[in-house]
Amino acid sequence: MMKRLKIGSAVATERRPLVAVPMVDKTIAEIKSTAQTLRQTPADVVEWRIDFLLDLSELTVTNIRQVHEILNKPMIFTWRTVDEGGKLTYHHDRYQSVYHDAIQAGVEAVDIEVTLLADQQELLKLIPKDVKVIGSKHNFSTTPARLDACLAQMTKLPIDIAKLAVMPKDATDVERLLQATATAANESDVPLITMSMGELGMVSRELGYRFGSQLTFAVVNEASAPGQMPLATLLHKWGESYV
Ligand SMILES: O=C1C[C@@](O)(C(=O)O)C[C@@H](O)[C@@H]1O
């Protein structure tokens, strides 16, 4: 039986997944301004995609802490590598050092691509118990075969949450992602976050929670992946009001 997804003070329920909104700005000044905007929204958590920053030297513990304070919401800290659709090429030492700074600054969750886990053993040892490790895997071109096996494998890794994002070519691919999510949710207690991306996959962002996906991404300023719908649209679909 799956555990409830909890990121800081934000907890998913049976009837409602958590909603995360990404920040994808290029400078700390812009990030701080976006954080002011997001603070006022009903987003449950905010994901900071630091791979969009033009200058990583701006990513000091003080700056991360200030951004977190402005947000006043639990934060997921993410370096999405170029290999998985992000903006910044993986570099072992820099990766370890910026994640270390993020933990010092008090983020509630870190996203680590599962293919990097073996290379980041030292970092994993430094992560306190109350900071969630989201192990992620992305495929921006297709929805691979054997999604059940993929999720089953992910849920056995030393991570707290398993996240899988894939790209559909047709409605069957979206259905396969949802069914694989339901199977994994039955077979493991690791909380899941799954999505089928692009326009075809939008339904998975709205209804994936019924299959066991406990967090969905929506957009306020700028999307971080194809198919994320505006936060207001998503909340309206669930019958929640947000102007
Ligand atoms: O892993 C994910 C999911 C995502 O790719 C999406 O499709 O909503 C968006 C990313 O910012 C996030 O890190």
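Here, residue 1 is the first one in the sequence, and each next residue gets the next number. First listed ligand is number 1; within each ligand, the first listed atom is number 1. Atom set for the values below is all heavy atoms of this structure, side chains included, hydrogens, waters and symmetry mates excluded.
Listed by chain and residue number, the protein contacts of ligand 1 are Glu47, Arg49, Arg80, His138, Lys163, Met195, Met197, Arg205, Phe217, Ser224, Ala225, Gln228 (heavy atom within 4.0 angstrom).
Here the closest non-hydrogen pair linking Leu151 and Ala180 is CD1-O, 3.6 Å. Annotation for Met154 and Ile159: closest pair O-CD1, 3.4 Å, computed over non-hydrogen atoms.
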**Request:** Go through Arg80 and Asp111 one step at a time and tell me if the salt bridge (Lys or Arg N to Asp or Glu O under 4.0 Å) criterion holds.
**Result:** CA-CA 8 Å; Arg80 181 71 57 243; Asp111 178 306; 3.0 Å; yes
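Side-chain atoms of Lys137 do not come within 3.5 Å of backbone N or O of Asn139 as any donor-acceptor pair.
Among Trp79, Phe77, Tyr90, the one residue that satisfies the ring pair (Phe, Tyr, Trp, His ring centres under 6.0 Å) test with Tyr99 is Phe77.
Here salt bridge (charged side-chain N to carboxylate O under 4.0 Å, His left out) pairs that include residues 33-44, with residues two or more places apart or in two chains, are Arg16-Asp44.
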